[in-house]
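See structure below.
Only heavy atoms go into these numbers, but all of them, side chains included; no hydrogens, no water, no symmetry mates.
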Amino acid sequence: LALVNTDAAVKNGDVAVVLVNGTLDLPNAYNVLVDEQSGTADCVALLAKAGRRAPAYLMDTDTPANRNKVCGFRQGLARCGLHPNAPILTEKDTGPDPRSAIARGRRETAALLAQQPDTDSILCATDLLAIGCLQELQARGIAVPQQVAVAGVDNTLYGQLCSPALTTLDNRLAEV
């Protein structure tokens, strides 16, 4: 057993690295990505099938996975004949604490409603953002899902604990 400078070994390609649901542009790095782009497009189609015509998208972290979700959102809009310039709001991630993601979801929802009060559905990049979205809508007396439908991505336990229970895209990260 020998000590290895892992940073140098990874950069030189001496050590293989497998990254799940993320990318690393280094020699000998392998990236396993969930097809959240198609999943997000399917979520838009599900919302459209339910009669939602004014969707919006919220995200908080600029990651390859979230960029794929935005592409899927736009693809879903095009496939369903919805307005291609539906709002996409982004607030910079300020840390890993789940409470900060929920707070960002609340702020983004408030900003969205100020810009687009006719929004009838909101797709969020993560369940935690969606929970913040739900909280803000409820604080404003907006009925979910009757007035505004909300969906998240990740199928976390958090989504089952909130009220109403969160509709969420199961990206099966644990299985990946």
Do you know which two heavy atoms are closest between [X] and [Y], and how far apart they sit?
{"X": "Arg53", "Y": "Gly81", "value": "NH2-O, 4.1 Å"}
{"X": "Cys124", "Y": "Tyr57", "value": "C-CE1, 4.5 Å"}
{"X": "Lys69", "Y": "Thr40", "value": "O-CG2, 3.3 Å"}
{"X": "Cys133", "Y": "Val150", "value": "SG-CG2, 3.9 Å"}
{"X": "Met59", "Y": "Ala125", "value": "CB-CB, 3.6 Å"}
{"X": "Gln138", "Y": "Pro164", "value": "NE2-CD, 3.2 Å"}

Check step by step if side-chain hydrogen bond (donor to acceptor under 3.5 Å, both in side chains) holds for Asn171 and Glu36. CA-CA 7 Å; Asn171 55 15; Glu36 293 171 321; 2.7 Å; yes
Roughly how far, to the nearest 0.5 Å, is the CG atom of Leu134 from the CG atom of Asp127? 10.0 Å
Interatomic spacing from OG in Ser121 to CD in Gln147 - rounded to 0.5 Å: 13.0 Å
Where the side chain of [X] meets the backbone of [Y], is there a donor-acceptor pair that is under 3.5 Å apart?
{"X": "Thr119", "Y": "Gln116", "value": "yes"}
{"X": "Asn68", "Y": "Gln37", "value": "no"}
{"X": "Asp120", "Y": "Ala54", "value": "yes"}

Checking Asp42 against Arg79 for the side-chain contact (heavy atoms from CB on, under 4.5 Å) test, could you report, in this order, the C-alpha distance in whole Å, the side-chain angles of both residues, the deciding distance, and whether it holds? CA-CA 10 Å; Asp42 291 344; Arg79 262 196 336 219; 3.2 Å; yes
Is any side-chain heavy atom of [X] less than 4.5 Å from a side-chain heavy atom of [Y]?
{"X": "Val70", "Y": "Ile88", "answer": "yes"}
{"X": "Leu82", "Y": "Pro55", "answer": "yes"}
{"X": "Leu77", "Y": "His83", "answer": "no"}
{"X": "Phe73", "Y": "Val44", "answer": "yes"}
{"X": "Val32", "Y": "Leu19", "answer": "no"}
{"X": "Cys162", "Y": "Leu166", "answer": "yes"}
{"X": "Asn155", "Y": "Leu169", "answer": "no"}
{"X": "Leu113", "Y": "Leu137", "answer": "yes"}

State whether a side-chain donor-acceptor pair under 3.5 Å links Thr63 with Arg67. no
Between Thr61 and Asn66, do the side chains contain an N or O donor and an N or O acceptor separated by less than 3.5 Å? no
Would you indicate whether Arg74, at its atom CZ, is surrounded by more than 12 heavy atoms from other residues, nucleotides or ligands within a distance under 6.0 Å? no
Would the number of heavy atoms belonging to other residues, nucleotides or ligands and lying under 6.0 Å from CZ of Arg140 be above 12? yes
Is there a path of hydrophobic side-chain contacts, each under 4.5 Å between heavy atoms of I, L, V, M, F, W or Y residues, that connects Ile102 with Leu157? no
Should Leu123 and Ile131 be regarded as members of a common hydrophobic cluster, given that ILVMFWY residues are connected when their side-chain heavy atoms come within less than 4.5 Å of each other, either directly or indirectly? no
From the options Ile122, Leu129, Thr109, Leu112, select the one residue that forms a side-chain contact (heavy atoms from CB on, under 4.5 Å) with Leu89. Leu112
Check the pair Thr156 / Thr168 against side-chain contact (heavy atoms from CB on, under 4.5 Å), numbers first and verdict last. CA-CA 8 Å; Thr156 62; Thr168 182; over 6 Å; no
Can you list the steps and then say if Arg172 with Asp154 is a salt bridge (Lys or Arg N to Asp or Glu O under 4.0 Å)? CA-CA 7 Å; Arg172 302 183 185 274; Asp154 292 334; over 6 Å; no
With salt bridge (Lys or Arg N to Asp or Glu O under 4.0 Å) as the criterion, how do Asp60 and Arg104 come out once you've worked through the C-alpha distance, each side chain's angles and the decisive distance to 0.1 Å? CA-CA 7 Å; Asp60 64 348; Arg104 285 190 303 278; 2.6 Å; yes
